[in-house]
Amino acid sequence: MKNIIILLCLFIGVIAHAQRDTIKVSVSEIFKDEKYKTSLLFAKEDANGDIFTVRNYYSSISNPKGYYIEHYSKDLKLLKRTTIEVNRNEIKGLFLTEDSVILLQFQYNYKQKKYAFATLSSSKEDLNFSEKEIYSLDRERLDKYDYFGIRSEPEFNLHRHNNLGDIVASENGDFITLNLFTKSKDGDALLVITFNKNFEKVYEYEFENIISLKETENKKLPLEYQNMVLDNDGTVYFLGRVFNTANRDLEKKDVPNYYFVLFKGDAISSSQKVLPIESNKIIRSLQLVTKGERLSAVGLYTENATERFFELSGTATRYDGTGRINLDKKSSSKLSESFQPFSEEFMLEKYGKVKEKINSFLAYRSIFMLENGDVIINAEEFEMYISDDNVNAKRVYKDIMGFCLGNDGTLIWAKNINKKQDDWSLDNIPFLSYTATVKNDVTYYFVNAASDLKLLKNNQIELTEGPRLYALKIYKTGAFRYDKVLNPEIFNAQLAVRFGILINETAILTQAESNDKPMLVKLYF
């Protein structure tokens, strides 16, 4: 009888949550005449509320054809469209000025035997683009690149394979930085180029001699690139992990077998400094995050590790808690470090019982720093299984994990959201996983799931595959709620939430499909 009452209360809770729908929706027309499949790559909103987008179109995931460049009104009415074909070129970014639309394009010039970045600029009204090369380098400095127009998926670290790194913009939009993994006389190097908002080069550095410890001089040790961030004054920071042995073991004799190096560059100088981490905890990965005057490196750790660096198959990886290292922007020195274990409550949500560790594979989805210095880490359990013929792969997207780290490194809250989605087809991947953002200290997750939520033995809900859109919310206290987004305009459409784009502080734009035909959906919250 007691169990029946609990289930009844949970059922009533589900209904109540479904009725508290605060998400507003705007949709475009359905693009019924489009020949190819498409996916949304970039989107920007200007001061008037008009939206500019880049969608790629393709006959298959590995056979890209080109891009739609589009201008929409604020209510998603299509005003103008043009196309750009893929021919040893691909669009890597979308930027807006007061009067212009600027596309950043990476391309290969066959006659001149060089790779280059170019801007494609147009007025907002006519979308008639003119090209201007802004940076080039000889093809011998890069490994051969054959991925033009193929969308890079976040589960895979393509930096090792195609030598294209990150492209980041400062929060105020005044600077853009890109990095490339190049070849030099002494081995691999990392090239960093920063431009102002007019795409005029401000500085460039090629970091070659990354080993600065005396005991490792004259050794070529592997570098694992972490990530890069750009400050509002045009200063770039990026983080790398250097292993002490070529096999990239995370630990030797119960101590870390690596060290992290913080690189910094601005218009005047560049520097690199080893992070003096006191703890012997094994850090899975560190990600830089910045806002205002604050700079931090955050990630997940384990007490011990026997496996090598992150792999997509084999024995699951162990995680024991979160870590945060606060850094001084001017000196690049460490201000503080803190490592916090997962709570019993978090383990109960995850497993239904208290365990000392998590065994899984986690992929970061997004990291945000709030105005007060708190950091939100959003991760997801991801696994991939390769078919016997090595042709197909099953991708499994499981639980969502969210963590809020205080400015002092305290683990303010940790939340596990039970979820299980999987598919063999790349075409269905956009409808799996989730997109996340933060507004007014509330963390939002948008997920597709079945209309009927599964109730678990530990009184938690589980999201399973389905077409209904849910908005999950975690408040600054750690309190959790979920709403089913019930809107007649998207009832028969499935949203590609995994590729949702935050276009301002209060809206996410995503592509959707209705009867296999695309449309755009804007979510206000």
Side-chain angles (χ1 to χ4, degrees), residues 88-93 104-119 132-150 152 156-169 175-196 199-212 216-230 234-243 246 248 258-274 285 287-288 309:
R88 296 193 185 99
N89 64 286
E90 64 184 11
I91 296 174
K92 304 296 291 185
L104 180 62
Q105 181 168 274
F106 179 66
Q107 56 198 34
Y108 178 66
N109 188 314
Y110 183 79
K111 290 183 179 181
Q112 298 181 30
K113 309 298 183 185
K114 68 178 183 180
Y115 292 99
F117 282 89
T119 56
K132 179 182 179 182
E133 184 180 290
I134 60 171
Y135 192 87
S136 67
L137 67 169
D138 187 89
R139 69 176 183 178
E140 298 301 323
R141 294 184 62 194
L142 286 181
D143 287 335
K144 185 178 180 181
Y145 185 81
D146 286 325
Y147 301 89
F148 289 112
I150 299 175
S152 300
F156 308 100
N157 186 353
L158 296 179
H159 302 309
R160 299 191 192 96
H161 305 299
N162 63 31
N163 296 302
L164 287 182
D166 292 330
I167 297 174
V168 298
F175 298 94
I176 299 99
T177 295
L178 57 90
N179 59 35
L180 295 168
F181 296 84
T182 56
K183 294 182 289 186
S184 68
K185 293 182 296 183
D186 300 324
D188 296 336
L190 186 62
L191 177 65
V192 176
I193 312 110
T194 294
F195 303 90
N196 61 24
F199 286 93
E200 299 164 333
K201 188 177 74 172
V202 180
Y203 61 84
E204 71 172 280
Y205 297 108
E206 190 165 34
F207 294 88
E208 297 184 51
N209 301 317
I210 60 171
I211 309 303
S212 58
T216 60
E217 285 182 354
N218 301 319
K219 288 184 180 180
K220 183 181 178 182
L221 297 179
L223 170 72
E224 181 186 73
Y225 172 79
Q226 301 293 297
N227 77 319
M228 177 175 72
V229 296
L230 182 61
T235 302
V236 65
Y237 304 87
F238 64 93
L239 197 64
R241 169 162 42 196
V242 179
F243 291 89
R248 301 193 184 198
Y258 57 81
Y259 54 91
F260 288 97
V261 181
L262 177 66
F263 302 87
K264 175 184 176 181
D266 57 31
I268 299 174
S269 63
S270 65
S271 64
Q272 58 191 57
K273 180 174 288 190
V274 175
S285 67
Q287 297 286 291
L288 291 175
F309 67 98

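Remember, predicted model here, so these are calculated numbers, not experimental data.
Nearest heavy-atom pair, E140 versus K183, reported as atom, atom and distance to 0.1 Å: O-CE, 3.2 Å. Minimum heavy-atom separation, E133 to A116: OE1-CB, 3.8 Å. Annotation for A267 and V202: closest pair CB-CG1, 3.9 Å, computed over non-hydrogen atoms.
With contacts defined as side-chain heavy-atom distances shorter than 4.5 Å, the pair D166/Y225 qualifies. Side chains of L137 and L180 form a contact here, defined as non-hydrogen atoms less than 4.5 Å apart. Using a 4.5 Å heavy-atom cutoff, the side chains of K132 and F199 are not in contact. Here the side chains of V168 and V236 are not in contact, with every heavy-atom distance at 4.5 Å or above. Between Y115 and R139 the shortest side-chain heavy-atom distance falls below 4.5 Å. Within the 4.5 Å cutoff, the side chain of F181 has no heavy atoms near those of the D143 side chain. Two residues are said to be in side-chain contact when any heavy atoms from C-beta on lie closer than 4.5 Å; L262 and L288 meet this criterion. A 4.5 Å side-chain heavy-atom check between Q287 and Q226 finds at least one atom pair inside the cut-off.
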Dump the intermediate steps for side chain to side chain contact (heavy atoms under 4.5 Å, CB included) on K201 and I134, then the final yes or no. CA-CA 8 Å; K201 188 177 74 172; I134 60 171; over 6 Å; no
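Using a 30° and 60° split on the angle between ring planes, Y145 and F148 fall in the perpendicular class, above 60°. Taking the six-membered ring where the residue is Trp, F263 and F207 present perpendicular rings, their angle passing 60° and hence far from 30°.
Between the NZ atom of K92 and the CG atom of L104 there is a distance of 9.0 Å, given to the nearest 0.5 Å. To the nearest 0.5 Å, atoms CD (Q107) and CD1 (I91) are separated by 11.0 Å. For the atom pair N179 CG and N227 CG, the distance stands at 10.0 Å (nearest 0.5 Å). A distance of 10.0 Å separates CG in D146 from OH in Y108, rounded to the nearest 0.5 Å. Note that the CD atom of Q112 and the CG atom of D138 stand 11.0 Å from one another [nearest 0.5 Å]. Note that CD of E224 is 10.0 Å distant from CG of L239, once rounded to the nearest 0.5 Å.
Side-chain atoms of Y205 do not come within 3.5 Å of backbone N or O of L190 as any donor-acceptor pair.
Annotation: ring pair (Phe, Tyr, Trp, His ring centres under 6.0 Å) contacts of F195 (sequence neighbours excluded): none.
Counted by atom type alone, E204 and Y135 present one or more donor-acceptor pairs between their side chains at under 3.5 Å.
Taking the ring centre of Y110 as origin, the terminal cationic atom of K113 falls inside the region bounded by 6.0 Å and 45° from the ring axis.
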